[in-house]
Visitor: 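Have a look at this one.
It should be emphasised that the depicted structure is a prediction, and the values quoted were computed from it without experimental measurement.
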Amino acid sequence: MSDPRILTVRPAPGEYAWTFGGAPPVARIAPGTVLDLYTEDCFAGRVRSEKDLVSQVCEFPFLNPQTGPFHVEGAEPGDTVAVHFVSIEPARGWAASTTVPLFGALTSTHTTATLQPPLPETVWIWQLDRERRTALFSARESDIQIELPMDPMHGTVGVAPANLEVRSALVPDAHGGNMDTPEMRAGVTCYLGVNVEGALLSLGDGHARQGEGETCGVAVECAMNTVVIVELLKGVATPWPRIESDTHIISTGSARPLEDAFRISQLDLVQWLVRDYGFSELDAYQFATQAVESPLANVCDTNYTCVAKLRKEWLPARETHRGLHAQLRETATALRH
């Protein structure tokens, strides 16, 4: 395998995308390109202290800036773009989280309307020890401090939607977008179905860590230095975003209500077993029922996201996505050395 081309992108403040679809590409890349990217946090770097309330320092809808989009040469509808995460590293020694009025799983929202007043805005600044790989929680109303392990991830990765749609970078759907799953960490390959010529791939929304469900609606949000390898699978369709790790195959589904997001992820996993692992549909349904793990990704965004994952060690020894994950892992290892 020849040495991959490396493209470094450090966007200026006015050079981010705020939507999937509707934004011109910042670059054209060939399959196999390595992208060395800076991504800003979901607040565009404006929440920097406990005094910086989102309602005062951020301007809706300019939240969740994306680095990109990138036009992948040769990508056409019916193909799949593969994004392998080589590394995801916090770009600063701190991160921010907050409550946002009328947003989150345990509060009134615009669509779950009640007479209760919105929760107050409160900002937590998390100190990151990038050498020790820890994130320090400091309580606002007590003297409690707790260190948690960092688990850097990207909340948002996606391509342009189908049918000429333009979707806010806050929304997850079949194109990817703001799925907010902790599974999107270094070492995994994300598969995204192509809907428009060039795919128009973007990513952002780095989290130093996030619990499953992202209950309050905001993770430990931070800017990231991220390296990915972008590849193209011609003639392979991927109806919903999929993730492959060294140990699991992972389907996602995004919708409201929550049970529909669950159904989408489970059905996609069943169909994946049928296509690539030799199962009949009913056999796949039975096997997945007894073996699947079903973490929640987010229960706060415009669409909720559920995950369905299966251990590779329990599956027949078959190749999926033309063995691309293993190939990209080799390339990633070579890059690090």
Side-chain angles (χ1 to χ4, degrees), residues 18-20 40-65 94-127 135-146 148 151 153 155-156 167-173 177-182 204-222 252-265 294-307:
W18 305 95
T19 61
F20 287 91
E40 190 47 273
D41 66 33
C42 70
F43 309 115
R46 295 175 180 172
V47 177
R48 307 179 69 88
S49 76
E50 294 176 349
K51 297 179 180 179
D52 294 327
L53 303 184
V54 172
S55 62
Q56 297 176 4
V57 301
C58 295
E59 181 185 357
F60 189 84
F62 297 104
L63 295 166
N64 209 16
W94 58 271
S97 191
T98 181
T99 48
V100 178
L102 300 177
F103 181 62
L106 300 183
T107 181
S108 303
T109 71
H110 293 289
T111 53
T112 305
T114 74
L115 284 172
Q116 294 170 315
L119 290 177
E121 286 188 81
T122 304
V123 175
W124 291 263
I125 299 298
W126 291 64
Q127 298 302 318
L136 179 64
F137 167 72
S138 296
R140 289 293 308 274
E141 298 176 357
S142 68
D143 60 358
I144 295 172
Q145 288 193 325
I146 301 172
L148 297 176
D151 187 9
M153 52 165 281
T156 307
R167 303 300 296 274
S168 164
L170 295 168
V171 179
D173 211 315
N178 194 30
M179 296 177 284
D180 284 323
T181 171
D205 191 25
H207 299 171
R209 66 166 294 115
Q210 179 210 300
E212 293 172 358
E214 198 182 19
T215 309
C216 86
V218 184
V220 182
E221 310 281 346
C222 65
T252 71
S254 298
R256 284 203 187 196
L258 182 60
E259 56 262 36
D260 281 354
F262 176 86
R263 291 184 181 107
I264 291 166
S265 64
S294 304
L296 295 174
N298 92 79
V299 191
C300 55
D301 290 333
T302 310
N303 284 328
Y304 301 150
T305 302
C306 286
V307 165

Visitor: Determine the interplanar angle of the W126 and F137 rings, folded into 0 to 90°, and report it as parallel if under 30°, tilted if 30 to 60°, perpendicular if over 60°.
Guide: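 If you compare the ring of W126 with that of F137, the planes turn out tilted.
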Visitor: Could you check if a side-chain atom of L296 sits within less than 4.5 angstrom of a side-chain atom of L258, using non-hydrogen atoms only?
Guide: yes
Visitor: Taking atom CZ of F262 as the centre, does the number of heavy atoms from other residues, nucleotides or ligands within less than 6.0 Å exceed 12?
Guide: no
Visitor: Search all heavy atoms of P120 against all heavy atoms of T99 and return the closest pair with its distance.
Guide: O-OG1, 2.7 Å
Visitor: Between T252 and C306, is a side chain to side chain contact (heavy atoms under 4.5 Å, CB included) present by the stated rule, with each step listed?
Guide: CA-CA 6 Å; T252 71; C306 286; over 6 Å; no
Visitor: Assess whether side chain to side chain contact (heavy atoms under 4.5 Å, CB included) is satisfied between L63 and C42, documenting all intermediate values.
Guide: CA-CA 6 Å; L63 295 166; C42 70; 5.9 Å; no
Visitor: Would you mind listing every side-chain hydrogen bond (donor to acceptor under 3.5 Å, both in side chains) that reaches into residues 114-124, with sequence neighbours excluded?
Guide: S55-E121, S108-T114, S108-Q116, T114-Q116
Visitor: Looking only at heavy atoms, which two atoms of A208 and C222 are closest? And how far apart?
Guide: N-SG, 3.6 Å
Visitor: With a 4.5 Å heavy-atom cut-off, do T98 and F43 have their side chains touching?
Guide: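 Yes, close enough: below the 4.5 Å cut-off.
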Visitor: Is there a side chain to side chain contact (heavy atoms under 4.5 Å, CB included) between V100 and V218? Walk through the geometry before answering.
Guide: CA-CA 8 Å; V100 178; V218 184; 4.2 Å; yes
Visitor: Any chance you could measure Q210, atom CD, to D151, atom CG, to the nearest 0.5 Å?
Guide: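 Taking CD in Q210 and CG in D151, the distance rounds to 9.5 Å.
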Visitor: Checking Q56 side chain against V54 main chain: does a donor-acceptor pair fall under 3.5 Å?
Guide: no
Visitor: When rounded to the nearest 0.5 angstrom, what distance separates CG in N64 from CD in E40?
Guide: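 Those atoms lie 11.0 Å apart.
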Visitor: R167 pairs by side chain to side chain donor-acceptor pair (under 3.5 Å) with which of T302, D173, T19?
Guide: D173
Visitor: Which atoms form the tightest heavy-atom contact between A255 and A261, and what is the distance?
Guide: N-CB, 3.7 Å
Visitor: At their closest point, which heavy atom of E59 faces which heavy atom of R46, and how far apart are they?
Guide: N-NH1, 3.8 Å
Visitor: Pair L106, T215 - check side chain to side chain contact (heavy atoms under 4.5 Å, CB included), show working.
Guide: CA-CA 7 Å; L106 300 183; T215 309; 3.8 Å; yes
Visitor: Counting C-beta onward and ignoring hydrogens, is there a side-chain heavy-atom pair between V123 and L53 closer than 4.5 Å?
Guide: yes
Visitor: For a quick test of reading the model, state the closest non-hydrogen atom pair linking S254 to M179 and the distance between them.
Guide: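 Closest pair (atom of S254, atom of M179, distance): OG-CG, 4.3 Å.
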Visitor: Looking at CG of N303 and CG of D180, how far apart are the two atoms once the value is rounded to the nearest 0.5 Å?
Guide: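 If I round to the nearest 0.5 Å, the distance is 12.0 Å.
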Visitor: Below 4.5 Å, heavy atoms only, C-beta onward: do V47 and V57 meet side chain to side chain?
Guide: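 In short, these two side chains touch, coming nearer than 4.5 Å.
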Visitor: Restricting to ring pair (Phe, Tyr, Trp, His ring centres under 6.0 Å), what partner residues turn up for W94, sequence neighbours left out?
Guide: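 Checked W94 against ring pair (Phe, Tyr, Trp, His ring centres under 6.0 Å); zero matches.
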Visitor: Is there a side-chain contact between W18 and P65 in this structure, where contact means two heavy atoms from C-beta onward sitting under 4.5 Å apart?
Guide: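 Counting from C-beta outward, W18 and P65 do come under 4.5 Å.
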Visitor: Any donor-acceptor pair under 3.5 Å linking the side-chain atoms of N178 with those of T156?
Guide: yes
Visitor: Answer yes or no: is there a side-chain heavy-atom contact under 4.5 Å between V307 and S265?
Guide: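 SC-SC contact between V307 and S265 ruled out.
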Visitor: Rounded to the nearest 0.5 Å, how far does CG of D41 lie from NE2 of H207?
Guide: 9.0 Å
Visitor: Considering non-hydrogen atoms only, spot the tightest contact between E214 and C300 and give its length.
Guide: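 So the minimum-distance heavy-atom pair works out to O-SG, 3.4 Å.
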